[in-house]
> 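To start, I am sharing the structure in question, which I have written as structure tokens.
Letters A, B, ... mirror the listed sequences (proteins, then strands); counts begin at 1.
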Protein chains: 2
Amino acid sequence: MMNPRLQHQLDFLRAVDALKGIKRQTLIATGERQETDAEHSWHVALMAWVLGEYSKAKIDLFKVVIMLLIHDLVEIIAGDTYFYQTKERKLAKAREQAAAAKIFSLLPFDQAQILKRFWEEFEERKTPEAKFAAAMDRVQPIINNFLTGGKSWREHNVTSTMVLEKCRHIKNGAPLLWEYIQQLIQEAVEQGMLPA
Amino acid sequence: MMNPRLQHQLDFLRAVDALKGIKRQTLIATGERQETDAEHSWHVALMAWVLGEYSKAKIDLFKVVIMLLIHDLVEIIAGDTYFYQTKERKLAKAREQAAAAKIFSLLPFDQAQILKRFWEEFEERKTPEAKFAAAMDRVQPIINNFLTGGKSWREHNVTSTMVLEKCRHIKNGAPLLWEYIQQLIQEAVEQGMLPA
């Protein structure tokens, strides 16, 4: 009875509701609880609109926003792997590739292709859009970790060297924001939130 | 030391984190808990991209997505007023106007003007973008209420007549989706999720 194209679209929209059930290591700014992947995705998408002018290169901001809305969907199937667990992150890659194929293929073929390409582009971090989106994806948790006294950093034995190393690519997307983030990390170290 | 424009933008991005702390009456699809405003905003923004082709009129989809990312920010200050409480909704209007002035003015003037206008446009529901965005804002909770057995409808003594009446404007934004939603409401009545 229902348009089969609409049926696929609604199946996808129902499946992605599960992003609300995935907890991140980062806390919401009040420190009360961990934020969910859906909340993080909302925050970075809005952040991209607000901070778009700091992109190093000219970007299609709409594409960046959509990229950020979908960048964590693979975690619905592959789960969240903590960013600073380098070994686990490598193993997660293959799982996430398979997850992307699965989750996006719920959509009609044309839309599945677009979102899967956006996700791959985001992961490869080569285009101006992907570099800026990746910067947003790193800036947001650093700010929230700072706002919550570095609790999540300390719980996971993260050091400032690790943050600087894993997040330096912010510079490739948004150099001025990288200046600011470096200052914030230094302040976090001085305030004892983050071991040097 | 820091660029004052960037300082304003970061103040705004920090303040809006509070959207993660506002619980809605709608449950997440597993039924485990209420969803937050930030999660809802993420879901409807992505929904707009996926279902954009069903808009009655030609729309600027980027504008719709940004509108939906910010449409509930006023609730950070004004609080969430349940959609079916008509009297309370009217009182909430003035509170939300004041809240919009306050929350958006954290941003640099140019950006504050843009987002405040987007929010007013959304509320007025006159432009094709606002009509489609408003449709998304209604379709998502109806689907989630259906997926969770109508628990939230029954808890608030909502009837199918009320849903049909308050949500008929979906037709103005996306006629085909309104057809689908009417079928879903009928199914909800037949399954005893929603009193006629």
Side-chain angles (χ1 to χ4, degrees), chain A residues 1-3 5-10 12-21 28-30 32-33 35-51 53-54 60-63 65-66 68-70 73 107-108 111 114-115 139-140 143-144 146-147 176-177 179-180 183-184, chain B residues 1-3 5-10 12-21 28-30 32-33 35-51 53-54 60-63 65-66 68-70 73 107-108 111 114-115 139-140 143-144 146-147 176-177 179-180 183-184:
Chain A
M1 187 170 71
M2 200 201 302
N3 171 345
R5 181 171 171 88
L6 176 57
Q7 185 68 67
H8 282 294
Q9 291 162 324
L10 294 172
F12 171 79
L13 290 167
R14 202 177 299 126
V16 302
D17 196 274
L19 203 68
K20 301 168 190 171
I28 63 171
T30 59
E32 280 170 274
R33 60 165 174 84
E35 64 179 359
T36 68
D37 262 351
E39 290 169 331
H40 160 74
S41 299
W42 163 78
H43 207 173
V44 290
L46 181 53
M47 183 176 269
W49 187 88
V50 172
L51 302 181
E53 67 199 65
Y54 302 105
D60 173 350
L61 202 49
F62 185 25
K63 186 175 172 181
V65 167
I66 301 303
L68 285 167
L69 289 176
I70 59 110
L73 287 184
L107 282 168
Q111 293 188 318
I114 295 171
L115 291 194
V139 165
Q140 188 265 346
I143 292 178
N144 273 47
F146 185 87
L147 292 175
L176 188 76
L177 298 179
E179 295 294 314
Y180 163 71
Q183 288 169 30
L184 200 69
Chain B
M1 187 171 72
M2 202 202 299
N3 172 347
R5 182 171 170 88
L6 177 57
Q7 185 68 66
H8 282 294
Q9 290 162 324
L10 294 172
F12 172 79
L13 290 167
R14 203 176 300 126
V16 301
D17 195 275
L19 204 67
K20 302 169 190 170
I28 62 172
T30 60
E32 280 170 275
R33 61 165 173 85
E35 64 179 0
T36 67
D37 262 351
E39 290 169 332
H40 160 74
S41 300
W42 164 79
H43 207 172
V44 290
L46 181 54
M47 183 177 268
W49 187 89
V50 172
L51 302 180
E53 67 198 66
Y54 302 104
D60 172 350
L61 202 49
F62 185 26
K63 187 176 171 179
V65 167
I66 301 302
L68 286 166
L69 289 176
I70 59 111
L73 287 185
L107 282 168
Q111 293 188 319
I114 295 171
L115 291 193
V139 165
Q140 188 264 347
I143 292 178
N144 273 49
F146 185 86
L147 292 175
L176 188 76
L177 297 179
E179 296 294 312
Y180 163 71
Q183 288 170 29
L184 200 69

> Counting heavy-atom pairs under 4.5 Å with chain B, which one of A:A29, A:G21, A:A45 comes out on top?
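Greatest number of close heavy-atom pairs with chain B: A:A29.
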> Under 4.5 Å heavy-atom distance to chain B, tell me which part of A:E179 shows up: side chain, backbone, both or neither.
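Answer is neither: A:E179 stays 4.5 Å or more from chain B.
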> Test your reading of the model: is there a side-chain donor-acceptor pair from A:E39 to the backbone of A:T36, 3.5 Å cut-off?
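Yes; at least one donor-acceptor contact below 3.5 Å.
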> Which residue out of B:I114, B:L176, B:L107, B:L177 racks up the most heavy-atom pairs below 4.5 Å with chain A?
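Going by pairs under 4.5 Å, I would pick B:I114.
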> Looking at chain A, which one of B:L115, B:V139, B:I70 has the largest number of heavy-atom pairs inside 4.5 Å, strictly under?
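The option with the most such pairs is B:L115.
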> Counting heavy-atom pairs under 4.5 Å to chain B, which of A:L61, A:I143, A:D37 comes out on top?
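Result: the option with the highest number of such pairs is A:L61.
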> Checking A:E35 against chain B: side chain, backbone, both or neither under 4.5 Å from a heavy atom?
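Just its side chain gets close to chain B.
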> For each of B:H40, B:R14, B:H43, tally heavy-atom pairs with chain A at distances under 4.5 Å, and name the one with the top tally.
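Highest number of pairs under 4.5 Å: B:H43.
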> So which part of A:L73 gets closer than 4.5 Å to some heavy atom of chain B, the side chain, the backbone, both or neither?
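Just its side chain gets close to chain B.
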> Given the options B:L10, B:L69, B:L51, B:N144, which has more heavy-atom pairs under 4.5 Å with chain A than any of the others?
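Max contact count across the listed options: B:L69.
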> Look at B:R33, B:K20, B:Q9 and state which one has the largest set of heavy-atom pairs under 4.5 Å with chain A.
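When all of B:R33, B:K20, B:Q9 are compared, B:K20 has the most.
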> Less than 4.5 Å to any heavy atom of chain B: does that hold for the side chain of A:E53, its backbone, both, or neither?
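Just its side chain gets close to chain B.
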> At a heavy-atom separation under 4.5 Å, does A:L147 approach chain B through its side chain, its backbone, both, or neither?
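Side chain only.
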> Let me know if A:R5 has heavy atoms under 4.5 Å from chain B in its side chain, its backbone, both or neither.
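Looking at A:R5, backbone and side chain both touch chain B.
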> Please state whether the side chain, the backbone, both or neither of A:V50 comes within less than 4.5 Å of a heavy atom of chain B.
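Both parts, backbone and side chain.
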